[in-house]
Amino acid sequence: MHHPQITPRFAPEITPSVEELEEQERRLVFDRFTHDDAWALGSLLVELARERQAPVAVDIHRGGQQLFHAALPGSTPDNDAWIGRKRRVVERYGASSYLVGARFRAKGTTFEESSRLDPDTYAAHGGCFPVRVEDAGVIGTVTVSGLPQLQDHRFVVEALERFLGR
């Protein structure tokens, strides 16, 4: 289902370049990331999703611990499976799940064809973004699942921009 109201700041038909995706990751870095930050960021994502009636699940992990999870009306258990598969890509590659997929596509292949990883365990589809802390690197993930992959990605980026004031 197409939800144009989900990401009004972006034209859905314009696919970002690898360079644009990399710039997002350079820009969206935390000074610190606490349990309270996870709650506040997750709550912001839920608030935005409710405003837009987005049928998504939201998940935030730090280290090996789930700090936030919410499933909104219209989401399904399948969204939780997608969250896990996208999160594992970010944890393995240290980059957003959408950027990882875009890098493979830029090489003329796909993640599924060339990563040599089990597609039932890993999914380089948009919606999971690294929680990167200055001078510490990637320490966690924030994930949205339930929209088309580019909209999932853009939804997380928009929330991070608001949260970080960037």
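Since we're looking at a predicted model, the values are computed, not measured.
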Chemist: Could you pull out the closest heavy-atom pair between Ala124 and Phe111, with the gap in Å?
Modeler: CB-CG, 3.4 Å
Chemist: Quick one: closest heavy-atom pair of Ser97 and Ala123, and the distance?
Modeler: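 Nearest heavy atoms, Ser97 then Ala123: CB-O, 4.1 Å.
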Chemist: Hey, quick one: are Phe155 and Phe163 part of the same hydrophobic cluster, counting side-chain heavy atoms closer than 4.5 Å, chains of contacts allowed?
Modeler: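 Same hydrophobic cluster.
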Chemist: For the pair Asp152 (side chain) and Leu147 (backbone), establish whether a donor and an acceptor sit closer than 3.5 Å, ignoring hydrogens and angles.
Modeler: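 Flag set: sc Asp152 to bb Leu147 pair under 3.5 Å.
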Chemist: Under a single-linkage definition using a 4.5 Å side-chain heavy-atom cutoff for Ile, Leu, Val, Met, Phe, Trp and Tyr, are Phe129 and Phe30 assigned to the same hydrophobic cluster?
Modeler: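 In one cluster: yes.
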Chemist: What I'd like to find out is whether the side chain of Pro16 reaches to under 4.5 Å of the side chain of Leu150, using heavy atoms alone.
Modeler: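 Of all side-chain heavy-atom pairs linking Leu150 with Pro16, at least one is under 4.5 Å.
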Chemist: Does Arg87 pair with Glu91 as a salt bridge, N-O distance under 4.0 Å?
Modeler: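 Salt bridge between Arg87 and Glu91, a charged N being under 4.0 Å from a carboxylate O: yes.
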Chemist: Which heavy atom of Thr109 sits nearest to which heavy atom of Ser114, and what is that distance?
Modeler: OG1-OG, 2.5 Å
Chemist: Excluding sequence neighbours, so at least two apart, what forms side-chain hydrogen bond (donor to acceptor under 3.5 Å, both in side chains) with Glu22?
Modeler: Arg103
Chemist: Hey, is the main chain of Leu72 close enough, under 3.5 Å, to the side chain of Ser75 for a donor-acceptor pair?
Modeler: yes
Chemist: If every non-hydrogen atom of Val133 is compared with every non-hydrogen atom of Asp31, which pair is closest and at what distance?
Modeler: CG1-O, 3.5 Å
Chemist: Decide, yes or no, whether a salt bridge links Glu161 with Arg27 under the criterion of side-chain N to carboxylate O below 4.0 Å.
Modeler: yes
Chemist: Taking a hydrophobic cluster as the set of Ile, Leu, Val, Met, Phe, Trp and Tyr residues connected by side-chain heavy atoms closer than 4.5 Å, whether directly or through intermediates, do Leu160 and Val90 fall within one such cluster?
Modeler: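 No.
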Chemist: Are side-chain heavy atoms of Val157 and Arg154 found at a separation under 4.5 Å?
Modeler: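 Result no, sub-4.5 Å side-chain heavy-atom pair not found.
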Chemist: Please report the shortest heavy-atom distance between Val142 and Val131, naming the atom on each side.
Modeler: N-CG2, 4.0 Å
Chemist: Please confirm whether the backbone N or O of Ile139 pairs with a side-chain atom of Arg132, one donor and one acceptor, at under 3.5 Å?
Modeler: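 Such a contact is absent between Arg132 side chain and Ile139 backbone.
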Chemist: Looking only at side chains, do Asp37 and His35 share a donor and an acceptor under 3.5 Å apart?
Modeler: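 Side chains of Asp37 and His35: no pair found under 3.5 Å.
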Chemist: Do you know which two heavy atoms are closest between Val156 and Thr143, and how far apart they sit?
Modeler: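 Shortest heavy-atom contact: CG2-C, 4.4 Å.
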Chemist: Rounded to the nearest 0.5 Å, what separation is found between the CG atom of Asp36 and the CG atom of Leu41?
Modeler: 12.5 Å
Chemist: Kindly confirm or rule out a cation-pi arrangement of Arg105 over Tyr98, judged by NZ or CZ under 6.0 Å from the six-membered ring centre and within 45° of its axis?
Modeler: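 Yes.
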Chemist: For Tyr122, which residues count as a ring pair (Phe, Tyr, Trp, His ring centres under 6.0 Å) partner, sequence neighbours excluded?
Modeler: none
Chemist: Tell me if the CZ atom of Arg166 is crowded by more than 12 foreign heavy atoms within 6.0 Å.
Modeler: yes
Chemist: Are His69 and Asp80 linked by a side-chain donor-acceptor pair shorter than 3.5 Å?
Modeler: yes
Chemist: When rounded to the nearest 0.5 angstrom, what distance separates CD in Glu113 from NZ in Lys107?
Modeler: 13.0 Å
Chemist: Does the Lys86 side chain pair with the main chain of Val144, one donor and one acceptor, at a distance under 3.5 Å?
Modeler: yes
Chemist: Mind checking the CD-OG1 spacing from Gln66 to Thr141? Nearest 0.5 Å is all I need.
Modeler: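 Output value for this atom pair is 9.5 Å.
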Chemist: Is Val46 reachable from Leu44 through a run of I, L, V, M, F, W or Y residues, each pair having side-chain heavy atoms under 4.5 Å apart?
Modeler: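 The answer is yes; both residues are in one hydrophobic cluster.
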Chemist: Is there a donor-acceptor pair under 3.5 Å between the side chain of Arg88 and the backbone N or O of Ile83?
Modeler: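 Answer holds: no.
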Chemist: Is there a side-chain contact (heavy atoms from CB on, under 4.5 Å) between Trp82 and Cys128 once you walk through the steps?
Modeler: CA-CA 10 Å; Trp82 276 99; Cys128 189; over 6 Å; no
Chemist: Examine Val56 and Trp39 and state if one hydrophobic cluster contains both, with Ile, Leu, Val, Met, Phe, Trp and Tyr joined whenever side-chain heavy atoms are less than 4.5 Å apart.
Modeler: yes
Chemist: Using side-chain heavy atoms (C-beta onward) and a distance below 4.5 Å, is Asp59 in contact with Phe68?
Modeler: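 Asp59 does not reach Phe68 side chain to side chain.
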Chemist: Check the pair His125, Val89 against side-chain contact (heavy atoms from CB on, under 4.5 Å), reporting the backbone distance first and the verdict last.
Modeler: CA-CA 9 Å; His125 290 256; Val89 165; over 6 Å; no
Chemist: Looking only at atom types and distance, does a side-chain atom of Glu20 sit under 3.5 Å from a main-chain N or O of Ser17, one as donor and one as acceptor?
Modeler: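 The answer is yes, because a donor-acceptor pair under 3.5 Å joins these two groups.
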Chemist: Answer yes when Asp120 and Arg85 have at least one side-chain N-carboxylate O distance shorter than 4.0 Å, and no when they do not.
Modeler: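 Between Arg85 and Asp120 there is no salt bridge, as every charged N stays at least 4.0 Å from the carboxylate O atoms.
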Chemist: Determine, stepwise, if the pair Gln24 / His153 fulfils side-chain contact (heavy atoms from CB on, under 4.5 Å).
Modeler: CA-CA 11 Å; Gln24 289 173 346; His153 175 81; 2.8 Å; yes
Chemist: Does a side chain donor of either Ser96 or Glu25 reach within less than 3.5 Å of an acceptor in the other side chain?
Modeler: yes
Chemist: For a side-chain contact (heavy atoms from CB on, under 4.5 Å) check, start with the C-alpha distance between Leu28 and Leu164, then their side-chain angles and the critical distance, and finish with the verdict.
Modeler: CA-CA 7 Å; Leu28 299 173; Leu164 293 168; 4.1 Å; yes
